[in-house]
Amino acid sequence: MPYDPAHSESRWQQAWDAAGSFRARRDERPKYYVLEMFPYPSGRIHMGHVRNYTMGDVVARYKRAQGFSVLHPMGWDAFGMPAENAAMEQGGHPRDWTYGNIATMRDQLRPLGLSIDWSREFATCDDDYVAQQQALFLDFLEAGLITRKSAQVNWDPVDMTVLANEQVIDGKGWRSNAPVERRELTQWFFRISDYSEELLAALDGLTGWPDKVRLMQANWIGKSRGLQFRFGTVDAPAGFDRVEVYTTRPDTLRGASFVALSPDHPLARTLAATDPRIAAFAEECRRGGTTEEAIETGEKLGLDTGLTVRHPLDPDWQLPVWIANFVLMEYGTGAIFGSPAHDERDHEFATKYGLPIPATFGERGMDIAAADALVAAGAYVPLKSETVTYVRGFAGAADQTGEAAVDAAIVVAERDGWGEAVTKYRLRDWGISRQRYWGCPIPVVHCGACGTVPESKQNLPVLLPLDVSFDVPGNPLDRHPSWAATSCPRCGGPARRETDTMDTFVDSSWYYARFTSPHAATPTDRADADYWMNVDQYIGGIEHAILHLLYSRFFARAMVQTGHLPETAKEPFDALFTQGMVTHEIYMTRDAQGRPVYHLPEDVTDGKLADGTAVDIIPSAKMSKSKKNVVDPVDIVTRFGADTARWFMLSDSPPERDVEWTAAGAEAAAKFLGRVWRLADETPQDGADDPDLTRAAHRAIADVTRAIDGFAFNKAVAAIYTLAAAVAKSPSGGEPRRAVLRIMAQLMAPMVPHLAEEVWAKSGGQGMVVDAAWPQADPAMLVDDSVTLPIQINGKRRAEITVPRDMAAAQIEAQVLADDTVQRFLNGAAPKKLIVVPGRIVNVVA
RNA sequence: GCCCGAGUGGCGGAAUGGUAGACGCAGCGGAUUCAAAAUCCGCCGCCGCAAGGCAUGUCGGUUCGAAUCCGACCUCGGGUACCA
C-alpha cells in the first residue's frame, strides 16, 4: 500500500487537536517560548512562510519532546499600506481585504500541521489589540517616553500627499511621477534615543543572538566620541555670533577648509529669508526623497553664503561658510567643518568647488609638502589605529595614531576652554506618525483651549471609521466629515482627533508579549507575562536585523518601565535565529520594445515556452509576484503533502542561507518519505538483532540532537538519510528492527510529524509520537575501538594508518616512521618534525 | 555612499585550523519488467595510461598544516530609519 499523505495528514492533525496537544499551559514543566516573526496577511502564504514556520515547528516539537511546556503562537501583522493600495486599485475596504486574506492564509497554514496553539491567535487590527496598544501609548506618554517634534517626509507635490520611501521611485512619486520634495511635518516620536547607551551596552548580554545582528545594531546606534566647539562668525545676522560644530576628527582642525551648514540649519534659514539666491538653493536641496541612501549617493551640492567664520586656533584665519545638501540637521549640530584631506566626501566637495585641501597629516615621516602632495590626489584616510605624521597638528606628538591625536585635541580644547568632549549617537528618535488610514489611531485630541490632550482611557479604543473612500490620494481620516470631531477629555470643549495613525512597527514591537495572555483586559496579564517571557527562541528574516528588533528591544524596556512586563523581560528575545529566503529561478523573455516579460514556472518546460520560445533563466532570485517566480505552497501540499514541503524546506541548505526551490528537490523529498513509509510498512515480523543497526540508531540520535540544538536542520536531515540507508541494508527484523524504526520516527517527528506518527504506530509505539520523550543516545554505542589517521608529509596526505583509539602518541610515531610511504618520502633522512594530533592526523615535516 | 553577510564538483551543500566534497539532486552503468513507471544495487571533482598533478571567487600573508585565521580586491544578497 503506498503512502497517502492526504489521508494521513488530516487524520493526525485531528488527533492532535482532539488531544489538545499544542495548548500552551502553565504547569510544573519548565517553559519554552518559541516564536516565529508573524506574517503580514498579503493574500496567500508563500514558501518563505513554510520555511520560517517549519523551522519554528521543529524547535517547538523538539522542546516539547524534551519535556518543556511550550508556547508556540501565531498571529497577523495586519495593518499596513498594501491593504490601502488594494482598496485604491480594486475598490473594497482595507478591513475586508485584510480579514479575507487572514482567513485564506489561516486555511493554507493549518494543513502544514504546525504545533501552534491557535487559541491565542489575534490580528493587530483587531479592536481589542488596538485598544491595548492605545492604552500602552497613553502609559508611555505619561511616563515621558513620547514627544512631538518636526521631521521630514517625502512630499508628492502633485498628489499633495506624503509618500512612503517605497513609493518614491528614482526620486519621483510612484503614481504622479512628479519629482518628490522633502517637507517638514510635526510628528509623534518615541524617545528611543534616550536609550541609546542602554540599547548598545545590553547587546553584549545577547549571547543567543548572531554576532552579525549585534554588530549591525551597534553600528546603527553609532556611538561616537568627539569634540563640540564653535566658530565665531564675522558680520553674521543678529543672534548668530557663533556656529556650533561637532566633529569626530578634531585632530584635523588645522586642515579645515570650509564650514558647511545643513540647508535646514537656523542660520541657513535666516539667510534664506533675505537672500533669494540662498532660498533657491535651499529649495533645490529639498528635492528628492528622505532616505539616507538617496542623500548619500546623490550629487553633493554646495553654495557659498559669503559669510566667514574665525578658526578657533587662529582668529586671523577665516573660513568660508557654505550650505551643503549632505549635511543633516538630524545628526550632530547640523553644521560641520570640512576636512577634505582626510574625508572622501569633503575631498569631492572641495575639489568640485575649488576649495583648498591642506593636509593635517601624512604617511609616517612625510613633511608638509609631501603630505599636501599626497592628499591633493585623493583623501588620505588611514585607520585611526595607524601611526601617521602630523604636519599641521596642534596637540600631542608629531608621530601618533589618529586615536591618540583625537584624544590630545580634545584635551587641548577643554584645557583652553574652546570646546568639550561630547558623546553622540547616530540613533534618532522613532517617528511613529503616519498620514494613513489603515493603522492604529493615535489616541490624542487637539483642543483649541488645552492644546494636545491624551484621550482618556475609558474612551478607548479609538476605532477607525469604516465609511471611508480611497478614490483620491491622501489620508481618508483627514477628509472624513465627522470622525475627527470630538470633545476634549480635559475641558469638554470641542476638539479634533489626531488623524495620524501609528507606524506598523509599533504593532509588531509588543505582539510577543500579548501572546502570553492574548485576551487580557490590559496589554498584558502580569502573572502570564512573568511566566512565559522571555521568548526563548525567536526566528525570522535577517531583513529585520535592525529596525524591528531594535524597536522591540526599546518597547520591552518601555513596557517594563510602565509595569506591563517584568524587569527580566527588558531584553525580550533570549535567542535569535535569522533564516534565509526561499528563492526560485526567474524565466524571462523580452517584448518587441526590449522590455522584460516574466513567465510562470509551470509555463516553462526544459527552458522553453509552449510555443518553443527559449527563455532566459535568471538563477536564484527572491520569490516575488512581479517576477512570476512564486511557487505556491498550497499546490505542493496538495500534490505531495505537507511533510514533503516541510522536509524539503529543511533539507540541503543551511537554515541561515537562502534556499532555492526546485521541483526536483520537492520530488526527491517525496520519494524519500515514501521510502521511509515502506521501511515501516514492510518490516519483517521475525528476524535477528543487528548490533550495527542499533549503533547506527544511537549515532543518529546523537547527530540529530546536536544538529537541532545547533539549528543545522540540513545536517539533521542528512543524519536521518544515513539511518534510513542503514535500516534498509540491515538484516534485522522483528522487534529489534521496530525499535530502531521507532527511534527514527522520533527523530523525524519534529520535521515530518504526520509521517512520524504513521511510522511510530506501525512500529509498535505507545500512544502518539508527539507525546513521546526525546530519545537518549547511549554513549557506549558512539565510540569506535580503532581510528584511522591520515598521514601527511609536508601537509599533503600521503598515507593512513589504523590504530587502536587510545594508542599512545609515541607508539603512533613509531608506526608512522615505519610506514613504507613515509620511508620512501624521507629517503633515509630523519624527519625535521613529527606532529601527532591524537585521534585526528599525523604530519611529517621532511 | 555607508553598515552587515555570502561565495566549495554539473547543482544544493558537508568539513573544532587537521583525509576537501558527508548527505542529497542530476548523470552514467546494472538488476527487476514483455516494456515502461516505480523500486533496488554500483560508479560519479578536474587533468592524466599511470605515477602524480590541480582544485573551496581573485591576489597576497600567517601556520607543520588554511575552505576555515589576517590584509586587499571582485561578484552577489540584506539593511539604510514611512515596504513588511
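Quick note on labels: first sequence line is chain A, next is B, and so on, each numbered from 1. For clarity, every value in this text was computed on a predicted model and none was experimentally measured.
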**Aromatic centroids of W76(A) and Y511(A) separated by under 6.0 Å** = no

**Message:** If I pick the P atom on C11(B) and the same atom on G27(B), what distance separates them, to the nearest angstrom?
**Reply:** 15 Å

**Asked** Rounded to the nearest Å, what distance is computed from the CG atom of residue D507(A) to the P atom of nucleotide C82(B)?
**Response** 14 Å

**Request:** Using the P atom as the reference point in each nucleotide, state the distance between A22(B) and G42(B) in Å, no decimals.
**Result:** 15 Å

**Item:** Nucleotide nearest L215(A) (side chain, heavy atoms from C-beta), chosen from G52(B), C83(B), G5(B)
**Value:** G5(B)

**Message:** Between G17(B) and A66(B), how many Å separate the two P atoms, rounded to a whole number?
**Reply:** 14 Å

**Request:** Give none if C46(B) has no partner; otherwise give the nucleotide forming a Watson-Crick or G-U wobble pair with it, both distances under 3.5 Å.
**Result:** G53(B)

**Request:** Find the distance E330(A):CD to U80(B):P and express it as a whole number of Å.
**Result:** 16 Å

**Item:** Among U19(B), C83(B), C23(B), the one nearest M81(A) by side-chain distance
**Value:** C83(B)

**Fill in**
Among U19(B), G1(B), C82(B), the one nearest any side-chain atom of I841(A) is U19(B)

**Message:** Check for me whether the distance between the ring centres of Y512(A) and Y538(A) falls short of 6.0 Å.
**Reply:** no

**Message:** I'd like the C1' distance from U16(B) over to C4(B), given in whole Å.
**Reply:** 25 Å

**Asked** If we only count heavy atoms from C-beta on, is the R51(A) to M55(A) side-chain gap below 4.5 Å?
**Response** yes

**Request:** Pick the C1' atom in U68(B) and in A15(B), then give their distance to the nearest Å.
**Result:** 9 Å

**Item:** Minimum-distance nucleotide (side-chain atoms of E543(A) versus C83(B), A84(B), G18(B))
**Value:** A84(B)

**Asked** Within this structure, what is the CD-to-P distance between Q579(A) and A6(B), rounded to whole angstrom?
**Response** 16 Å

**Complete:** Comparing L427(A) with Y40(A), nearest RNA chain B nucleotide closer to 5' gives the residue L427(A)

**Prompt:** Is there a donor-acceptor pair closer than 3.5 Å between any side-chain N or O of H342(A) and the backbone N or O of Y380(A)?
**Reply:** yes

**Spacing of the C1' atoms in C44(B) and A35(B) (rounded, Å)** = 28 Å

**Message:** Could you identify the nucleotide paired to U19(B), looking across every strand shown and requiring Watson-Crick or G-U wobble geometry with both distances under 3.5 Å?
**Reply:** none

**Asked** Out of C23(B), A20(B), A14(B), which nucleotide sits closest to the side chain of K715(A)?
**Response** A14(B)

**Message:** Going by purine N1 to pyrimidine N3 plus the second Watson-Crick contact, or the G-U wobble pair, all under 3.5 Å, which nucleotide sits opposite U68(B)?
**Reply:** none

**Prompt:** How would you label the contact of W430(A) with the nucleic acid (heavy atoms, under 4.0 Å): base, sugar-phosphate, or nothing?
**Reply:** nothing

**Prompt:** So, is R657(A) close to the A6(B) phosphate, meaning a side-chain N or O under 4.0 Å from OP1 or OP2?
**Reply:** no

**Message:** Does this structure show an ion pair linking E344(A) with K300(A), if we count only N-O contacts that are shorter than 4.0 Å?
**Reply:** no

**Request:** Could you check if the base of G45(B) is syn or anti? Syn means the glycosidic torsion is within 90 degrees of 0.
**Result:** anti

**Item:** Under-4.0 Å side-chain N/O to phosphate OP1/OP2 contact, K796(A) with C64(B)
**Value:** no

**Prompt:** When you compare C69(B) with C23(B), how far apart are their C1' atoms, in angstrom units rounded to a whole number?
**Reply:** 28 Å

**Prompt:** Is C11(B) paired to anything, Watson-Crick or G-U wobble with both distances less than 3.5 Å, and if yes, which nucleotide?
**Reply:** G24(B)

**Request:** Determine: side-chain N/O of N714(A) to OP1/OP2 of G12(B), distance under 4.0 Å, yes or no.
**Result:** no

**Prompt:** What integer distance in Å separates D159(A):CG from C82(B):C1'?
**Reply:** 16 Å

**Prompt:** Nearest to the side chain of R426(A), which nucleotide is it out of A81(B), G52(B), U19(B)?
**Reply:** A81(B)

**Message:** As a test of understanding, state which of R191(A), R148(A), K149(A) forms a salt bridge (Lys or Arg N to Asp or Glu O under 4.0 Å) with D429(A).
**Reply:** K149(A)

**Message:** Rounded to whole Å, please give me the gap between CD1 in I835(A) and P in C64(B).
**Reply:** 7 Å

**Request:** Could you work out which one of G1(B), C64(B), A22(B) sits closest to the side chain of E292(A)?
**Result:** G1(B)

**Message:** Pairing check on U80(B): which nucleotide meets the Watson-Crick or G-U wobble criteria with it, both distances under 3.5 Å?
**Reply:** G1(B)

**Item:** Nearest listed nucleotide, side chain of R428(A), among C82(B), G5(B), A81(B)
**Value:** A81(B)

**Request:** May I ask you to evaluate whether S653(A) reaches the phosphate of G12(B), defined as a side-chain N or O under 4.0 Å from OP1 or OP2?
**Result:** no

**Request:** Once you apply the 3.5 Å cut-off to both distances, tell me the Watson-Crick or G-U wobble partner of U63(B), or none.
**Result:** none

**Request:** Select one nucleotide: of A22(B), C82(B), C25(B), the one nearest the side-chain heavy atoms of A668(A).
**Result:** C25(B)

**Message:** Please check if the number of heavy atoms outside D170(A) that lie under 6.0 Å from its CG is greater than 12.
**Reply:** no

**Request:** Dump the intermediate steps for salt bridge (Lys or Arg N to Asp or Glu O under 4.0 Å) on K352(A) and E299(A), then the final yes or no.
**Result:** CA-CA 11 Å; K352(A) 178 171 177 177; E299(A) 196 192 353; 2.7 Å; yes

**Request:** For A84(B) versus A72(B), give the span between their C1' atoms, rounded off to a whole number of Å.
**Result:** 37 Å

**Request:** May I ask you to evaluate whether R214(A) reaches the phosphate of C4(B), defined as a side-chain N or O under 4.0 Å from OP1 or OP2?
**Result:** no

**Complete:** Testing A84(B), G1(B), A81(B) for proximity to the side chain of T297(A), the answer is G1(B)

**Prompt:** Counting only side-chain N and O atoms of K833(A), is one of them less than 4.0 Å from OP1 or OP2 of C64(B)?
**Reply:** yes

**Fill in**
Checking N1-N3 plus N6-O4 or O6-N4 for Watson-Crick, or N1-O2 and O6-N3 for wobble, each under 3.5 Å, the partner of A31(B) is U39(B)

**Prompt:** Mapping S651(A) and R675(A) onto RNA chain B by nearest heavy atom, which one lands closer to the 5' end?
**Reply:** S651(A)

